[in-house]
Amino acid sequence: MNFFKVASVSDAQERIKTLLRGCRGVEKVSLRDSRGRILAEDIHSQEDVPNFNKSTVDGYAVVAKDTYGASESLPTILSNIGRVEMGEEPSFNLEAGQCAYVPTGGMLPEGSTGVVMVEYSEELEDEAFLHSSVSNGENIIYRGEDIREGDTILNAGAEMTPENMGALAAAGVMELPVYRKIVFSIISTGDEIRDTSKGIETAQVRDINSYTIGASIEKFGGVVDSIAIIGDDLDLLKGKIEESFKSSDVVILSGGSSVGTKDFTLKAIEELGGEIIIHGISMKPGKPTIIGRIGEKLVVGLPGHPVSATMVFRALFEEAMTGGREIPYRLPLAKDIHSTPGRTTYQTVTIEEGKAVPTYGKSGVISLLSKAFGYIIIPTHKEGYRSDEIVEVYKL
Ligand SMILES: Nc1nc2c(c(=O)[nH]1)N[C@H]1C(S)=C(S)[C@@H](COP(=O)(O)OP(=O)(O)OC[C@H]3O[C@@H](n4cnc5c(N)ncnc54)[C@H](O)[C@@H]3O)O[C@H]1N2
Ligand code: MOO
């Protein structure tokens with residue numbers, strides 16, 4: 001393999017980001033179906049939330065000043081002028097010397113500046129004895145206090161979390177523009193690869209990569225359109241890539257990226273008229289990675305080794321697809337780690353007694369990942385980390 005163009009991890013990430021942007025259209029989805037989607041435009045509120053002054057307690061709406069000095073032994077006595085019903089506008093206003101019963105969430109009569117909780121009151125015919133004072137604004141949410149008409153509720157790029165969905169629901173935004181999900185096809189290559197629950201012959205291997213990559217695509221908000229296993233046959237591979245691109249934005253290949261005589265990924269991209277953008281990344285594991293394009297579409301050849309394929313996919317696509325990485329845990333290291341100079345090392349770790357413990361294994365061994373808690377990234381220029389240094393651990 002000619003690694004004369006080996007790229008840094010950050011170069012490769014930038015290329016992927018740019019290429020994915022080209023595939024990203026915008027579509028409208030209903031608020032109910034928006035969880036996990038990324039907003040394509042800022043969303044402004046067309047209304048005040050709430051659209052009335054409301055009580056946050058069951059109690060008596062008052063002019064706060066009237067209650068000043070009220071206590072258990074010396075109540076304020078106010079004229080009780082009515083009851084507010086939930087969901088209804090009160091038919092009266094409140095003036096000094098008056099109070100009115102308002103349930104939690106009920107609309108306050110105009111003139112109210114506080115609400116005394118019901119447990120500090122006694123109602124006697126058309127009067128209420130209030131045994132506690134309230135300050136101005138106490139127990140009230142004012143019109144527009146939550147969201148004001150014209151406010152930006154969410155910015156473009158925001159992820160639609162349950163909480164963000166709540167904010168849009170409050171303002172009645174029932175349909176929203178989100179980025180279209182990126183559509184992927186996965187092709188696992190190799191004469192030895194099988195996808196079956198039945199027995200396999202000696203020297204055959206069960207397909208792992210379409211599972212790890214497929215699930216990662218969905219986790220990062222993409223769609224898996226098709227999955228195929230193709231033997232080491234250049235024409236079959238070319239045909240499958242062309243077919244996949246009829247309905248996908250990105251084709252992910254695994255295997256066949258290294259130097260073996262049957263490693264066809266490079267040839268397939270070139271013979272389909274594509275361009276090789278990156279061949280080789282200074283990353284460990286995952287050096288023999290290929291990034292190419294055929295027209296506007298992106299083709300990525302991941303190394304066949306399952307640990308490498310999974311880690312490279314995450315390194316290249318997580319941020320580009322989700323807009324950010326999850327915040328890492330900051331933990332002390334249990335022992336020294338040495339890394340390969342000139343390569344960004346993705347080092348798996350477990351956690352024991354609050355410390356990150358590096359775990360080692362070959363990149364063909366998937367249990368290295370399934371047993372790990374997460375990984376740390378050792379930058380190219382670092383030779384490693386010392387025991388007890390604080391490191392950032394990303395969860396797998
Ligand atoms: N002479 C050299 N040999 C290798 C080099 C090198 O620089 N010089 N690099 C090694 C590294 S590092 C990696 S990573 C692999 C990458 O090889 P390929 O991308 O060509 O992958 P394959 O040879 O097809 O497969 C490698 C290994 O992984 C297994 N595999 C492949 N696909 C799957 C799958 N879908 N599910 C489960 N396992 C899979 C495959 O059976 C092989 O065992 O090259 C090294 N060699
Ligand atoms: O890059 Mo290989 O991906 O180190 O195992």
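We count ligands from 1, going down the list as the structure has it; atoms in each ligand are counted the same way. All values derive from a computational prediction rather than experimental measurement.
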(Q) Just checking R24: does its CZ atom have more than 12 heavy atoms from other residues, nucleotides or ligands closer to it than 6.0 angstrom? (A) yes
Q.
Under a 4.0 angstrom heavy-atom cut-off, which atoms of ligand 1 come close to I208?
A. 34 (C), 35 (N), 36 (N), 37 (C)
Q: Determine, for F373 and K395, whether the Lys NZ or Arg CZ falls below 6.0 Å from the six-membered ring centre while staying within 45 degrees of the axis.
A: yes
Q: Could you tell me whether F317 and F184 have their ring centroids closer than 6.0 angstrom?
A: yes
**Q.** CG-CD distance between L20 and E319, expressed to the nearest 0.5 angstrom
**A.** 12.5 Å
Q | For R206, the ligand 1 atoms whose distance to one of its heavy atoms is below 4.0 Å | A | 36 (N), 37 (C)
Q: Compare all side-chain heavy atoms of I187 with those of I229 and state whether any distance is below 4.5 angstrom.
A: no
Q: Note the single closest protein heavy atom to atom 5 (O) of ligand 2, along with its residue, its atom name and the distance in Å.
A: S363 OG, 2.3 Å
**Q.** Heavy-atom gap G190 to ligand 1 smaller than 4.0 Å
**A.** no
Q) In ligand 1, which numbered atoms sit nearer than 4.0 Å to a non-hydrogen atom of D207? A) 34 (C), 35 (N), 36 (N)
Q. Is the closest heavy atom of K284 to ligand 2 under 4.0 Å?
A. no
Q) What's the shortest heavy-atom distance between A171 and I153, and which atoms? A) CB-CD1, 3.6 Å
**Q.** Residue selection (non-hydrogen contact nearest atom 25 (O) of ligand 1) among S188, A309, S363, G304
**A.** G304
Q | Which of the ligand 1 atoms, numbered from 1, are nearer than 4.0 Å to a heavy atom of H305 | A | 13 (C), 14 (S), 15 (C), 26 (C), 27 (C), 28 (O)
Q.
Test of understanding: given a 4.0 Å heavy-atom threshold, classify the contact between I193 and ligand 1 as side chain, backbone, both, or neither.
A. side chain
Q.
Parallel, tilted or perpendicular, judged at 30° and 60°: which one describes the rings of Y101 and Y60?
A. perpendicular
Q.
Suppose I only count heavy atoms of P303 and a 4.0 Å limit; which atoms of ligand 1 are within that range?
A. 14 (S), 19 (O)
(Q) Applying the side-chain hydrogen bond (donor to acceptor under 3.5 Å, both in side chains) criterion to S254, which one of N209, D207, T189 satisfies it? (A) N209
Q.
Could you tell me, atom by atom, which parts of ligand 2 come under 4.0 Å of a heavy atom of K287?
A. 1 (O)
**Q.** Pi-cation contact, Y179 with R37 (under 6.0 Å, within 45°)
**A.** no
Q.
Under 4.0 Å, heavy-atom basis, I'd like to know which part of V205 is in contact with ligand 1: side chain, backbone, both or neither.
A. side chain
Q) Do any N/O atoms on P285 end up under 3.5 angstrom from N/O atoms on ligand 2? A) no
Q: For H305, take its heavy atoms, then give the atoms of ligand 2 lying under 4.0 Å from any of them.
A: 5 (O)
Q. Given side chains that start at C-beta, do those of P90 and M107 come closer than 4.5 Å, heavy atoms only?
A. yes
Q: Using distance alone, determine whether S308 and ligand 1 share an N or O pair under 3.5 Å.
A: no
**Q.** Atoms of ligand 1 close to E192 [distance to a heavy atom under 4.0 angstrom, numbered from 1]
**A.** 40 (C), 41 (O)
Q) Counting only heavy atoms not in E110, do more than 12 fall under 6.0 Å of its CD? A) no
(Q) Below 4.0 Å from ligand 1: does a non-hydrogen atom of K287 turn up there or not? (A) no
Q: Report, in ascending order of atom number, the atoms of ligand 2 lying under 4.0 Å from any heavy atom of S308.
A: 2 (Mo), 3 (O), 5 (O)
Q | The one among P288, G364, S210, P306 that brings a heavy atom closest to atom 11 (C) of ligand 1 | A | P288
Q. When you check the gap from the basic side-chain N to the acidic O, do K240 and E243 get nearer than 4.0 Å?
A. yes
Q.
For atom 1 (O) of ligand 2, what is the closest protein heavy atom, and at what distance to 0.1 Å?
A. G286 N, 2.6 Å
